[in-house]
Amino acid sequence: MMPDFTQTGRSEDAASTQNNNVPVVVFKNVSKQYGQISALTDISLAISGGVTGILGMNGAGKSTLFKIIMGKIRPSGGQIRLFGEDPWKNQSPYARTGFVPEHEKMHDWMTAIDFVTTFARLNGMTREEARLEAERVLTFVELADVMNKQIGRFSKGMRQRVKIAHALVNDPDLIVLDEPLQGCDPLARTSIMNVIRELGRLGRTVLVSSHILSEIERITEQIVILHKGRLLAIGNLHAIRDLLDQHPHKIAIRCEQPKRLAKDLIDIDEVTSVSIPAKDELVVETKHFGVVHNLLPSIIVKNNHHVWEIDNPDDNLQSILEYLTGGLP
Amino acid sequence: MLHPESPVTGQTRMDSAWGSQTGDEDVHAKVTQASVDAGQIFEQEYKPWNGTLNPRWMRNWAILRHHLLGIVFKGHRPWGVVTRIVLLLIFLGSLSSAAMVLLSGVVGDSTLASMWGINRENMYGHVLGFFPRNIIFYPIIAAILVGGMISEDRSNGTSALYFSRPISRVDYTSMKFLSIAIILFFVIDGTLAVYYFAEVLVMGRGWSWILDTFPMFLLAAFSGLLLAITYTSIGLALSSLSKGRFFPGIGLLAVIMGTKTLAAIIEALFDKTILYVISPFDCIAHIAQSLMSIESTYQHPWTWSLASIVCINIGALYILTARVSTLEVTRE
Amino acid sequence: MVESLLIETRNLTKSYGPHVALDDLNLNIPHGATGLLGPNGAGKSTFLKTMLGLIQVTSGEGSILGYDIRTEGEEIRSKIGYMPEYDALNPKMDAIYQVQYSGELLGMNPNIALSRAHQALEYVGLGEQRYRTVETFSTGMKQATKLACALVHDPELIIADEPSNGLDAKAREFMLQTLENTVRQGQKSVLMASHLMEDVERVCENIVLLHKGKLAAQGKIEDLKAIDKEVEIHVWGHATKMEEGLLDKGMKVRREGRVMRVRYQDDSTYHTILSTAAKCETQIRKMHDHEASLEDLFLVIMERLGYDVKGSEALLGDLS
């Protein structure tokens, strides 16, 4: 995913949607006001290919963002492009998009296969095609064994998968999932995450929103962070972390003789501090994460340190969010 | 074959986040800035309890209290508003005989007094008069009371609450039975008592009058008790058969009215009263008639009605116990 | 000498006609927290009913808390708190009175039951909501109320049937934390039937796995987890080179992008990894022993038993 928002100007010409270089979703200075309340302020981003997690607490603007993408509401200001087209002028991008909204009424009395087949037929397929397509997507979400059972008897996780399956009819290039893991038990979560990752691997553009950090971390490293209607960060989470250089990175190492290792590490220019919180643990702080990590293996090996664990306690979404929202640098 | 205690070996699954594809790619990002938030604390402290638990009768008493007090007080079985209103109205309606006595005393009208005053026929009528008491008041009250009695525990799942505790099914059933029977008894015989004592007070009846009439009062009360018990048995049996609130009540009304109607039709057509043995109301009426030396409206001997009512009760209780013994505690 | 067991059964069998629901079970469950696992139809609910003294066993014997399940059902049920899986509350009653009633049904005095009800609801986090009717509660709150009903008399053993069923992440977290707390702080035993391995793993030290009425595994979780140990590493830069380097050194490696798992041979495995990384100029951003989860354990057991099971979702099993 290339967060390069200068591309927006070009896509205004009704360019062919076959153009592989056009980012799938582009926002340029998008804002949305509801009376006095600013749901989104000046959002600019470009997303293309793979899985992108849209992260933010409740009220951060995620659902507004999704509604704009899904064409349910118009932005108050700025522009949006899907596959290079303005979706309000030209509905064709939506033919290539599948939505999995947070709340959707499903017909409990229908079987999974009937539900998806009906949907496929509504999209213009013949009975035969619809049936085959329904089977394909239901197999993709691993519901092949139960496709002939009634939806009403499914667990929450299985219902979510049916929803995802029907959004995958016609093999869309953009799939948008709004809180797909909401209310699912851990097993359902794992299978839905697998489906999402698989879609990313196949080259589709997948947008997933959640307010649960650990879930997003398991699904993707590419994230968009929203907070109170503003865009805080966009990109690979490790790269984002790197950019927050006012907060030194921590590296935690568990080894037999931390003091000895500490002596070797403190000599590295880029290391700003070394502390020994426990008799077998060492914590290094540095503003040049990559550099120190580059040197680490050889230092350990050369001086024969016995290390069995290495960790980056603050190279995760939780920490990033805290640093970004938790106060002044 | 796996031996349960020996350790297991094998391999486990792997998965990783999207974006860490080949492990060799470059990664990019962009950042801006914003504001703050806050949190909460909750201390969870387990508190033990070393009290003793009371014996069986205490537990059963709790069940009875729960059902009876719930009619008036909060914190016990929540009877519906409609049920409570109907109960009140019918209770007040049953007091009509007492009201008439009061009225006659206040107005001083002797015809009123002789029409409504306490005597063998009127006491019989209070308990077993057909209209309005036994076509409207008592059957409807019974129907409403049995309404959700057992079916609610089925549909709410609260049977698990009872049976996972040292409450036996016998206890459960008898307490539910008692609670309904007590309320019915209160409505039928309680109002009878008010009626009787209204007469005593308003008409200034003396001890000799009381001595004369009290045996009749007791017999009428006994018939009322029989009525209460029988309606409760049938009603509860029906409540145990279904999961719904309405089926038991409607079923009870159907049984009471239906059997009577059928027997009445047969009587009209064939001039035989024998079929009245299937109607619980008529059986009890018949027994009361013979006990209280009131002219019998039935051709067949009262012992047949007695036998019938005993069988009806036994049959209903059998169904009830059979159904309650299969009430689920855990999921299946 | 022998510390008393929580639950002990010898040749416990229960059949319904030709169908054998519990087949010759020999269980030894110690005090503490135990997870009861198994697919639907495995016999979990039948087992719980026999433990509660509610159904007669066909043959064999068993005791729980030292009481014979065949003859001392009433005592057992006074000393156990049961938290059923499905709805078990009157929706129109206030939580506090519902819990009080459940205490009275045990034989507690009404006022003692009321004060215990307050304590129990406070404990499960419903202190502020106890005067609300159950029908206004979310699933998480209802589950908590059921737990409060089970705890009102401070029982020695709590039997929880799918306690985190249908709960969102926050409520689930709180429920598990409460159960953990009850075990550790309250020093109570818990028998938790669940198909959610993560939950069982969190709360319980032991498990009993039933399958088709038979005992498939029982014991302490950590004893059962002797799965081949692996060291998991997250690398950065030259991942492919790193993988090849490790393979050249004779290590067994599995890889998914930047994440690799190296089979642990002995303590020198870490050194091998780091020296290979130094040579390939790869960063090792994370390195730790990979701990197998209970889910993994379950899959392996089922495979060993000859069942082709894709995941423990099989425990939700039979939708017929």
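Because the structure is a prediction, the values reported are computed rather than measured. Lettering follows sequence order; numbering is per chain, from 1.
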Between C/Asn90 and B/Thr158, is any side-chain donor less than 3.5 angstrom from a side-chain acceptor?
no
Under a 4.5 Å heavy-atom cut-off, does chain B meet the side chain of [X], its backbone, both or neither?
| X | result |
| --- | --- |
| C/Lys188 | side chain |
| C/Glu104 | both |
| C/Thr133 | neither |
| C/Ala150 | backbone |

State whether the number of non-hydrogen atoms from other residues, nucleotides or ligands found under 6.0 Å of B/Tyr46 atom OH is greater than 12.
yes
For B/Asp153 and B/Tyr172, what are the C-alpha separation, side-chain angles and deciding distance, and is it a side-chain hydrogen bond (donor to acceptor under 3.5 Å, both in side chains)?
CA-CA 11 Å; B/Asp153 286 327; B/Tyr172 171 80; 2.5 Å; yes
Do the non-hydrogen side-chain atoms of B/Ile90 and B/Ile144 ever get within less than 4.5 Å of each other?
no
Are any of the side-chain heavy atoms of C/Asn181 and C/Tyr123 separated by less than 4.5 Å?
yes
Specify which of B/Ala62, B/Pro55, B/Pro48 makes the most heavy-atom pairs with chain C at under 4.5 Å.
B/Pro48
Top residue by heavy-atom pair count (under 4.5 Å) with chain C, among B/Arg56, B/Arg77, B/Arg65?
B/Arg65
Salt bridge between B/Lys47 and C/Glu122, side-chain N to carboxylate O under 4.0 Å?
no
Could you tell me whether C/Glu74 and B/Arg59 make a salt bridge, using a distance below 4.0 angstrom between a side-chain N and a carboxylate O?
yes
In terms of heavy-atom pairs under 4.5 Å with chain B, which of [options] leads?
| options | value |
| --- | --- |
| C/Ile112, C/Asp154, C/Asp87, C/Val134 | C/Asp154 |
| C/Ile76, C/Asp94, C/Val152, C/Leu89 | C/Leu89 |
| C/Glu75, C/Gln185, C/His153 | C/Gln185 |

